[in-house]
Amino acid sequence: MRSKDEYPAREIEEKWQKWWNDKGLYLTKHPPRQKYYVLEMFPYPSGDLHMGHLKNYVIGDVVARVKIMEGYDILHPMGWDSFGLPAENAAIKKGVDPKKWTENNINTYRNTLKKLGISYDWTREIATSDPDYYRWTQWIFLFLYKKGLAYRKKDYVNWCPNCKTVLANEQVIDGKCERCKTPVVKKELEQWFFKITDYAERLLEDLKELEGKWPPQVLKLQENWIGRSEGCEIVFELEGKGIKLPVFTTRADTLFGVTFMTIAPEHYLLPEIIEDSPHREEVEEYVRQALLKSEAERTREEREKTGVFTGKYAIHPFTGEKIPIWVGDYVLANYGTGIVMGVPAHDQRDFEFAKKYGLPIRVVIKPEDGDEPRPEEMEAAFEDYGVMINSGEFTGLPSREGIERVASRLREMGKGGKTVSYRLKDWLISRQRYWGAPIPMIHCEKCGYVPVPEDQLPVRLPEGIRDFRPKGRSPLADVPEFIETKCPVCGGPARRDPDTMDTFVDSSWYHLRYIDPRNEEMPFDPEKAEAWMPVDQYIGGAEHATKHLIYARFIHKVLYDAGLLKTKEPYLHLFTQGLVLKRFFWCNHCLRVVEENEIEKGIHKACGNPIEERLEMMSKSKGNIVPVGPFVEKHGADTARITILFAGPAEKDMEWTDAGVEGARRFLNRIWRLYSKHRDKLRGEIPDFDPEKLSKEEKDLYIALQKTIFEVRKDSSEFHFNTALARLMELLTAMSRFEKTDSPVFLRSLREYIVLLAPFAPHLSEELWHWTGAESSVFSNRFPEYDPRYTRGELTEIAVQINGKVRARLQVQRGLEEKQVLDLALKEENVRRHLQGKNIRKTIYVKDKLLNIVAG
RNA sequence: GCGAGGGUGGCGGAAUUGGCAUACGCGCUGGAUUUAGGAUCCAGUCCGCCGAAAGCGGGUGCGGGUUCAAGUCCCGCCCCUCGCACCA
């Protein structure tokens, strides 16, 4: 129940939200004097907004408000990543139009975010599903196409049999579809790709610029994802036909130990290899089986490797020896060259494969200080570096040197040489879906693939489609008025590309559109981009480390190379916030969330089955969400903000609890009561005072204030909002207990406290600020400066230890010397007792902190 | 398996150039106020030594080490979370 002591949150919040809006307080000032671009990852507008979504925006808002009060002109926009599958699924399930569904959700999201009073410049709102936006997404596609960075390729791709669509590598999690968890299979399709591998080296290299500015684990994740590996390409030849069969290896020194080769089942050269093989049918059957298996099945580690002999041989580049070629599904088609050389003596996988199929083992490396391993006795491959043996002209070389020499020899022979391989794959962007940006390409029988001329953009999505059920092709393929068009080159009949783009294309450049959201000539004006880029602080979930954050860096670099941008990287600082978890009770029998009053002694009363207590990320499907709207109505936006910020370190996961809400609410109420009590004292000038001439009580408060300013500034800049709030709570207690409430120190503390609180509880602060008689916003203040002379009290407590154990604490003036402190310490009863019968051997003094007496 | 992060009261968490472990909040206990409840305010709250105070001892996942001094540094383990995982 709300008592009359509780502050009227909703009333205050609505009042100031309206006032901020009328005053245009958060409108971007362009050109900026001193710019600061704060960006939170924009949301996909799904159903309603819950507290789990909020953390991102609350953190961003604190950053933005602190920067406003540090005198920056900020750009702090919000928009919608509004293309994507859920809209289409809703259309399939409920028959609603994806566009209408999306618009409704956007309206709900916008209204909810507005209720939170976050400092967005709403005039810059964008939605990726808006033709005014996706026109430029298409423009970017064409831009890449012109640069040779968008190309079409027939390939085996990740295919989700349930969603009936192609997935990027990044959308395959543990071999399963990210969305529906169905095992992904391989399917051969012709698709559009972005050549992100051309940028692999720079994407890796420029991570160095981000060190100390991005979370180290995100940098590491990207590094692993790019997966640079230095090695050697070695070209074998197919016996008889002379087809080149390149392999990639990091161990060129083991080349003389090759006893077989293995090629991936989906390798494009395989059909040619087996064309005239007696084993052809057997191989084809093996390939069929392999492609049916899901990635998850194929890559299960404990699974025994399988393979089948192709009946064909390759020629060793040095020895001319015949090497049998096998097909094996443990070889990945999309890493290296898709063919590996089998060196069973020195590679564990090859060893296992050779053992299974009775292939010979040939030792070509021996330990530096040991004997040559004997093949018949080996139980595992010898994978260490050592000295090359049985390797012709290279015999006797240490591995490291051998790797170099073999590579340069191959280079001379034109049969390979040093090369670099990346784990990163080209970015497959075609999606067989309706609700995305159409790929702006036209296929003409005569002219081939032709880009849609820029002046014809956007290629609009047709409306009024009824049937969105996945059929293995884009719903657009069945819309003749969309598909059928004229070739822009020859004017003859032609067909549009029926696919739409991966939504990660939409979000790879949105930070640029915010800079110039209504530009009708260009995606953005390069001059404006120069004024505002890079994003100074980007805030979002760590789950985007290898998807969005790599794609955005890639697109940014392409635009940088074209001279449209002046910075190499889009996001200068990145902060990744933790999740919001909510405890709930789950009945495994009824398969639903159960309220506490339905449970008795751990048993679900309704069905008699035991209840499981779970702590998981808030999600609508689980039913453990706290919706924002009703919460704000009941407790207010500021309470929601404080709850989130105080619960723990912002980068860590937090549990949303009622107790946390109570604590936040209580804190704000304490502030409200203190200010209500002294409301009549808030107005008017505060007389100047000399801190040196204050009473002890006053000086203590003055020092507490300086300390708090110092700590709040420091903690806020480091994203330690929980400890910043702890300091504010301490100062509040100090002010509440302060008795000389007419003192200028007290009055000044009240004033500055409001400003310190403002980034965290903006509505309450704005209200209290106006109680001082101010007419301008609390955010037109500078964040308070501390008086550096007083950030520490002049009294200090020195711990007196004897042999490392604290035996007394002394209250003394700061700055005492060791001798003085020791004299004082020796007067202490407890110290004397512990020194009885002992000699002081040595003392260690840490000024103003500690004195350790070593005695014995 | 590899990589990263983590393990501190009943709970969320503070404290890192090595220097008073447990700030702040929640919960709990007692008191004040109140017809009562709620709300609020004050005091207490790491554990143990029968209660209290003083005092003493123990204590930051486990075992060792360096040091006058270790949550913090070093060595060896255990456990948890996340990411990658047949990458040739």
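Quick note on labels: first sequence line is chain A, next is B, and so on, each numbered from 1.
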Point to revise | Pair A/E211-A/K208, salt bridge (Lys or Arg N to Asp or Glu O under 4.0 Å): steps then yes or no | key: CA-CA 5 Å; A/E211 268 170 36; A/K208 288 191 192 117; over 6 Å; no
Can you tell which of [options] lies closest to the side chain of [X]?
X      : options             : answer
A/S229 : B/A43, B/A85, B/A88 : B/A88
A/N830 : B/G19, B/A85, B/C56 : B/C56
A/V806 : B/A21, B/G83, B/G19 : B/A21
A/R727 : B/C26, B/C84, B/A23 : B/A23
A/L850 : B/G19, B/A88, B/U40 : B/G19
A/R666 : B/G19, B/U40, B/A14 : B/U40
A/N722 : B/G83, B/A88, B/G13 : B/G13
A/R673 : B/C84, B/C41, B/G19 : B/C41
A/R670 : B/C87, B/C41, B/G12 : B/C41
A/V331 : B/G25, B/A88, B/C56 : B/A88

Taking atom [atom2] of [N] as reference, at what distance in whole Å does atom [atom1] of [X] sit?
X      : N     : atom1 : atom2 : answer
A/M654 : B/U81 : CE    : C1'   : 18 Å
A/R583 : B/C11 : CZ    : P     : 12 Å
A/E651 : B/G6  : CD    : C1'   : 12 Å
A/W326 : B/C86 : CH2   : P     : 22 Å
A/E662 : B/C28 : CD    : P     : 12 Å
A/L615 : B/C82 : CG    : P     : 12 Å
A/N334 : B/A88 : CG    : C1'   : 13 Å
A/E718 : B/U16 : CD    : P     : 10 Å

Review point. Using the glycosidic torsion, which applies to B/G9: syn (within 90° of 0) or anti (everything else)?
Key: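 This nucleotide is in syn.
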To the nearest 0.5 Å, what is the distance between [atom1] ([X]) and [atom2] ([Y])?
X      : Y      : atom1 : atom2 : answer
A/S391 : A/I365 : OG    : CD1   : 6.0 Å
A/L728 : A/F721 : CG    : CZ    : 12.5 Å
A/M618 : A/L579 : CE    : CG    : 11.0 Å
A/L549 : A/L221 : CG    : CG    : 10.0 Å

Between [M] and [N], how far apart are the [atom1] atoms? Round to whole Å, please.
N     : M     : atom1 : value
B/A32 : B/G18 : C1'   : 45 Å
B/G71 : B/G9  : P     : 14 Å
B/G5  : B/G10 : C1'   : 26 Å
B/C82 : B/G13 : P     : 16 Å
B/C74 : B/G7  : P     : 15 Å
B/G59 : B/A70 : P     : 11 Å
B/U45 : B/A23 : C1'   : 15 Å
B/G44 : B/U81 : C1'   : 36 Å

Applying the Watson-Crick and G-U wobble criteria at under 3.5 Å, what pairs with [N]? Answer none if nothing qualifies.
N     : answer
B/G51 : none
B/C2  : B/G83
B/G59 : none
B/C41 : B/G31
B/G12 : B/C24

Review point. Does any donor-acceptor pair link the side chain of A/K842 with the base of B/C68 at a separation under 3.5 Å?
Key: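 Donor-acceptor pair under 3.5 Å: no.
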**Study point:** Atom CZ of A/R583: over 12 foreign heavy atoms under 6.0 Å
**Key:**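 Yes, enclosed.
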Review point. Is the number of heavy atoms from other residues, nucleotides or ligands under 6.0 Å of A/K677 NZ greater than 12?
Key: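 12 or below, so no.
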Using a heavy-atom cut-off of 4.0 Å across all strands, would you classify [X] as base, sugar-phosphate, or nothing?
X      : value
A/I844 : base
A/Q801 : base
A/N224 : nothing
A/K805 : sugar-phosphate
A/V846 : base

Any side-chain N or O of [X] less than 4.0 Å from the OP1 or OP2 oxygen of [N]?
X      : N     : value
A/K652 : B/G13 : yes
A/R807 : B/G55 : no
A/R737 : B/C42 : yes

Point to revise | Comparing A/A659 and A/H834 on RNA chain B - which has the more 5′ nearest nucleotide | key: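 In this pair, the answer is A/A659.
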Check your understanding: 5'-most contact on RNA chain B: A/K220 or A/P649, nearest heavy atom basis?
Key ->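 Nearest-nucleotide comparison on RNA chain B picks A/K220.
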Exercise for review: Measure centre to centre between the rings of A/W326 and A/F353, then say whether the value is under 6.0 Å.
Suggested key: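 Centroid distance A/W326-A/F353: below 6.0 Å, so yes.
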Check your understanding: Do the charged groups of A/E6 and A/R665 touch, with an N to O distance under 4.0 Å?
Key ->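 Salt bridge present between A/E6 and A/R665.
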